[in-house]
Structure formats: structure tokens, C-alpha cells
2 protein chains.
Amino acid sequence: MATLKEIARLCNVSVSTVSKVLNGKGRVGESKRRKILKVAKEIGYTPNYHARRMVEKSKILTIGLIVPDISNPFFSTLTRGIEKTCGENVLVILMDSFRNLDREEKLIKNARFRGIDGLIIGNSRVNDDLVLEISRYIPIVVFDKDYELKNTVSIILDNKHGARLATTHLIKNGCRKIVHLSGTSELYVSVQRIEGYTLAMKENNLEPKVYLTGYDEKSGYKKMKELLSKNEKFDGVFCVNDLVAIGAIKALKENNMRIPEDVSIVGFDNDEELCEIITPSLTSIHQPVEEMGEIAARSLINLIENGDSKIKKYVFSPRLVIRESSIRNRGEYSV
Amino acid sequence: MATLKEIARLCNVSVSTVSKVLNGKGRVGESKRRKILKVAKEIGYTPNYHARRMVEKSKILTIGLIVPDISNPFFSTLTRGIEKTCGENVLVILMDSFRNLDREEKLIKNARFRGIDGLIIGNSRVNDDLVLEISRYIPIVVFDKDYELKNTVSIILDNKHGARLATTHLIKNGCRKIVHLSGTSELYVSVQRIEGYTLAMKENNLEPKVYLTGYDEKSGYKKMKELLSKNEKFDGVFCVNDLVAIGAIKALKENNMRIPEDVSIVGFDNDEELCEIITPSLTSIHQPVEEMGEIAARSLINLIENGDSKIKKYVFSPRLVIRESSIRNRGEYSV
DNA sequence: CTGAAAGCGCTAACAC
DNA sequence: GTGTTAGCGCTTTCAG
């Protein structure tokens, strides 16, 4: 390996002289300087990063980012926001858990042994004790979970409010029998959305009906097919996310239901690509994903550098984006 | 900071004893062992990663991944493939260039000063000299560019063949006037696809017509609108990617053209999410993105560990995935 | 069992 | 100008 020592030997000078030349510090005779530069290039010298970090109080930060699935648009956009905030001197180590809980736990546990200075955990299912334990060692930013730990910042979307917005919109728009395809009951996000949905229904003296699903298109399709075959009656659907909504739409179409005339439908996440491509275009609840990523990164960096953060929790507000899938031409409601 | 030294002091033992206990090596008296473990936990000791790497010939690798836009499904899926291959002991540093050439160059140049052992560069526009220079220092895997350098592996999709497949499919399916929305003429990928398209047209004594576009939905929409307003005649469209195709479809629909009856259309990339959601569903050329990511990671790791690679180039074959947008009910062609 | 000592590659005082 | 020295935090012989 090419080292300073090696160059020093080749040039008959001391290691520190080489170091000075290569770092442009101190004064060194022109002839030596040239020779050192030449040799360094020849043998392809690259300074040992770890050795450097040992001795410098380097300002380079390394943060770990854990996501359940980087190919999911929500998380890739989140990642984009994080990357945006991390300039030259913050390295982002991406870790995809592939929605495998064991793997996720292992990744979180091992982070601090990997030179990682802080962790951003996107929407995980790991238990709180683990976060509590790990946060003793490195700062953590978590999404959609509410911790009040010293070394931790929470980034939260007001999911309850979002769900209420969606449901109320359907109601105002003339729907009376609205069902909710909710995702699993384990995820905090889903729990909150179920609450918001239920609240809105009760406020309007309507009966809430929650159906558990997964989070992908397939599970939305499957559940909707099931409801249709059971001959369930409904005129509105609120879905836990856009993918589930898209699956549901597919099933509804196959059964010749008209959207939004027979059944109105609202998604969540507002992935513009998806929402606008599908026919009819999909009304959805927008969350400022990229911005949330930026804040996450900024908070983490601050947490690492200052050991603590004044603001322990950021709550973002969702917004309703109305498209064709929920607007009936009855004049009962207009944008 | 919590260090071995600190623990040693607190326990009245030597640093090496502490090291042994914490690493479970060598034999140490039970009482000391317990005390050391206890103190280490109390003061929240985490071994210094860089110090460790200095002395161990650690098997942990750090690879850098440069993409133009992580929120683009192609690259997030690619990333997924890479992550899949990198187990416990390979760290992936994600770097998004945001399609900024300056930033991309800087990222590539700085990688080796950031403890990065090798680089995967996704579909870049950096000039070849830079790659040549950097590959002297660290191994590089590049996409869609054909290098024959010692320290480099190329991962390539046979774009020409893919374009030919798409075009031939349209021809077999009864189209005679096929236009190509091609992206820009700078990107190698586009050049290859144009060639394949042209070849297929000529083979069938048809006249190729290439129209430059961008790579997003908007530019597909815009170009198609333009063609329609100019009253260009065509019965088939081959697009450089799915997004452009989707934009084109939108424009065609607005002008009340029937797809595939009036105009058949084929995309490229086969992003399943998009291709299957749109109405009509979009025929496309599939490239095994995730697999390409896996191979990229595997090659790079091999390159890092062995200094060179037998295989300098992987060429992947595209595949035609037929959906509604190109199948006319004329019985001229069936799947 | 336990600790002293060397050394990983580098930077930074501090002499010469 | 230039080299010597110390030390970053850790692992690993090697004596005792």
C-alpha cells in the first residue's frame, strides 16, 4: 500500500515533510516538493481515511439511513430530501431492511460499530426499547413515532388529521357508506389514520368500517375484490396509501363500478406520478416528504454536533389534493 | 469520550485487559471481567471505528454509489439490487448528484478521500478522462458505458437490440408509420436506441423518423402535441422510456386518438407500476434493473478484493413485455 | 491471568 | 526548511 512512509523512503525525506507537501502546509524546498508530488502520483497514493480521522477532529459526519424499501417512492423521495441537506461533509450510509424486522434490528444495533455518528430510521416497526437503548450511544431521528428521549428527534405527519381530512371530504361530497382500507394494525401510521377516519365518521353520525390490508397494490386489489364478492355496500373508500387505492380502483373497474359516480375514492401520500396517471386521477392526502427528509437530516446533524436538540418533535400537516376520483357532478361540493 | 483507556483507569486494569474482555478474547479473571463489562456499559462505550480499522485488516468494505436522481424508479430499483448484494459487511454510501455535472465530478473525485473502497456510477455524463484517472486509485463499475480499463467493469443493456425488438413488434403488429421519441442525442443510451429503431425500420423498408425529446413525462407530452398539431401522420410510436410514453399517451388521448387502434405505442424500462396503471396498459422493453444492480455490486466487491476482474463487461438482454397499448385486434399478430 | 510495548498511518508541535 | 517525537484508540504479540 502506498503510504507516507513509502513516499518518504522513496524520496529520502521524513514522513512529516511528505505530509506537509501533500497537505500544502509549512514550507518545503522546491526540489523536494516536486519530487514528492511526483512520486506520490506515480505510486497512486491516497491518504488513509481512517488514520486521518483518528488524528484530526474531522468535520466529516457519517449518518446512517434505514428504510424498509428504497424502491418505494415515499422512501426514495425522503432519501432525496436527506441527500439534499447533506453537503460535501456528510456521508449517508443507506441501509435497506427489505421490511425484514430482524435485519432492521441488526442494522440499528450495528450502526455504531460501523463508524456511524447518527441514525435516521424511516417508519420502522422495531420496538421502543431498542430505540431507547441505542439512543444512549448515538442520536436518532425517527419517523412517525413519538419519543421523548434525550438523544432523539421525532418527525411526524399528523396522520389523524390527514385521515379526517380525507374522510370528511368524501362525506361532504355526498358519500355516506365509507369504508377504510387501513394497512396493518401494527404500524403506528395506520393506527393514527384509523383514528382520524373513525373520528370523522362519528362526527357525522356515520358508521366506520375498517378493513385491514397490506401496503401495496396487490393487497388493495385483493381486499376490494373480497368486499365486492361479499356484496358489501359502500359509496366511498379511504385508503391507507396510494398504492392500495390503485389496487382498489383496479378491482372496482373490473366489476364495472363507476368512479367516482358509484364509488368515490381517496388515497394517501399523493405520489403525483401515480395519482395523475391513473384513470380517473386519484384524490390523495399530500405529505411534504422531501421537506421532511430535509428536516430529518438537519435535526440529526444538529443532534450529533450539539448533543441535544431544543426541538424534539416536528409535526407536519397533511393537505388534501382533490382530483377526479372523488368529485361527483352533483353540485353538492366543489373545489 | 469513552475509550478503552478510560475504562482501564476506572477499573484499575490495563488497556489490553479491557480490550480482551470486550472482544471476548484471551482469559481474564471473572471479577475483573464483570467489572469491566459493567463500567463499559455505564459510560456508554463504543469502540472507535477508525481506530479499529487502522489496526485490523477489517473485512468491512465501503462502496460509493452515485446516481443522478434517487427518486427516479430506475435508480431506486438499481439501488435496491445493490443493497441486496451487500450483506453485513459492505457499507453503501449513497450520493445523489441531482443531475448536476459539477457535483457529480466532485463526488467522484472526492470518493477516495472519504474512505470509499470502490465506486458504482449509475448512468453518468462525466467525461471518460475522469473515469480513467480515478480508476487508477479505486475500482469503478459504470453503467451504460463501455470502458476497457484495468480497474473497471461495465454493465450494459443491449439498448440497440431492445429498440429493435420494440420497433419490430410494432411492425409485425401492423404499424407502418412509426416515429421514435428518442430523448437527447448526448446520452449513449439514446444513441443506441435510435440505432436499433432505425435498423428495424430499414430492415422492413420503412422510413425512420426520430424526434428528440427529454426523458420525462412532460417532454413526451409536449413533443406528441407538437406532432399532432403539425398533422404528422403515424400509426406507431416507440418511446425512449416509459415516462415519455406516458406523456405521449396523454396527448394522444386528449386528441381523441384511440390506442392501440389508431396509434400503437411502446415504451422502455418496463416500470411495472407505471405500465400497468395507465390505461391502456403500456407495452414496454424490460431491463432487469435489480439484477443489474446485484451484478454491479458483486463485480465491484470482486474488483476491490482481487484488484482485477476477468469479466470486464456484462451485457444484459432486454425483453419485450406486451400489454394493451400495442395489440390491435386485427389478428395480424398475437402473443 | 495480566500488563507492557509495539505499531496501524497520519498530523502537529517542537526542536534543530 | 527539515526531521524527531508524541499521540489519536485500538489490537496483538510477548514476557512475566
Side-chain angles (χ1 to χ4, degrees), chain A residues 1-40 43-62 89 110 112-117 137-138, chain B residues 1-40 43-62 89 110 112-117 137-138:
Chain A
M1 267 301 79
T3 64
L4 285 192
K5 206 175 173 184
E6 174 77 358
I7 299 176
R9 191 176 60 73
L10 258 25
C11 297
N12 289 314
V13 295
S14 76
V15 170
S16 67
T17 302
V18 180
S19 172
K20 275 170 201 150
V21 171
L22 263 26
N23 292 304
K25 296 184 179 174
R27 325 234 134 274
V28 175
E30 196 46 33
S31 68
K32 295 202 182 200
R33 140 173 272 102
R34 249 200 288 276
K35 179 156 192 199
I36 288 169
L37 254 15
K38 179 161 162 283
V39 170
I43 68 174
Y45 171 77
T46 294
N48 182 305
Y49 176 69
H50 303 290
R52 253 195 184 163
R53 295 232 10 182
M54 285 286 308
V55 39
E56 291 175 332
K57 57 259 143 270
S58 157
K59 285 137 262 156
I60 293 191
L61 257 36
T62 305
N89 298 320
N110 284 339
R112 69 190 173 105
F113 302 114
R114 298 283 187 261
I116 290 175
D117 302 308
Y137 298 99
I138 51 177
Chain B
M1 268 300 78
T3 63
L4 284 191
K5 205 175 173 183
E6 174 76 358
I7 299 177
R9 192 176 60 72
L10 257 25
C11 297
N12 289 312
V13 294
S14 76
V15 170
S16 64
T17 302
V18 179
S19 172
K20 275 170 203 151
V21 171
L22 263 26
N23 292 304
K25 296 183 179 175
R27 325 232 134 277
V28 175
E30 195 46 34
S31 68
K32 294 201 181 196
R33 142 173 270 102
R34 248 200 289 277
K35 180 158 191 195
I36 288 170
L37 253 15
K38 180 162 161 281
V39 170
I43 68 173
Y45 172 76
T46 294
N48 183 304
Y49 177 69
H50 303 290
R52 254 196 182 161
R53 294 232 12 184
M54 285 284 310
V55 37
E56 292 174 333
K57 57 262 143 267
S58 157
K59 286 137 262 157
I60 294 191
L61 257 35
T62 305
N89 298 321
N110 284 340
R112 69 190 173 107
F113 303 113
R114 297 282 187 263
I116 290 174
D117 303 308
Y137 299 99
I138 51 177

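Because the structure is a prediction, the values reported are computed rather than measured. Proteins get letters first, then strands, A, B, ... in listed order; numbering begins at 1 in each.
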For [X] against [Y], the heavy-atom pair lying closest together:
X     : Y     : result
A:L22 : A:Y45 : CD2-CE2, 3.7 Å
A:V15 : A:K5  : CG2-CA, 3.9 Å
B:C11 : B:V39 : SG-CG2, 3.6 Å
B:K32 : B:V13 : CD-CG1, 3.7 Å

Rounded to the nearest 0.5 Å, what's the gap from OG1 on B:T62 to CZ on B:R53? Could you check?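 Nearest 0.5 Å value for the OG1-CZ distance: 5.0 Å.
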
Quick one: [X] [atom1] to [N] [atom2], roughly how many Å, whole number?
X     : N      : atom1 : atom2 : result
B:E6  : D:dC8  : CD    : P     : 13 Å
A:M54 : C:dC10 : CE    : P     : 13 Å
A:I7  : C:dG9  : CD1   : C1'   : 12 Å
A:R53 : D:dG9  : CZ    : C1'   : 13 Å
A:E30 : D:dT2  : CD    : P     : 10 Å
B:L4  : D:dT11 : CG    : C1'   : 9 Å
B:I36 : C:dT2  : CD1   : C1'   : 10 Å
B:N48 : C:dC8  : CG    : C1'   : 13 Å

Check the phosphate of [N] against [X], side-chain N and O only, distance under 4.0 Å to OP1 or OP2. Yes or no?
X     : N      : result
B:K5  : D:dC10 : no
A:S14 : D:dT2  : no
B:K25 : D:dT12 : yes

Base, sugar-phosphate alone, or nothing: which one does [X] contact when heavy atoms must sit under 4.0 Å apart?
X     : result
A:V28 : sugar-phosphate
B:T3  : sugar-phosphate
B:V13 : sugar-phosphate
A:R52 : sugar-phosphate
A:Y49 : nothing

Of A:K32 and B:P47, the one whose closest DNA chain D nucleotide lies more 5':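 That would be A:K32.
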
Nearest heavy atom decides the nucleotide; on that basis, is B:K20 or B:A51 closer to the 5' end of DNA chain C?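 Result of the comparison: B:K20.
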
By nearest nucleotide on DNA chain C, pick out whichever of A:S16 and B:T17 is the more 5' one.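 Result: B:T17.
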
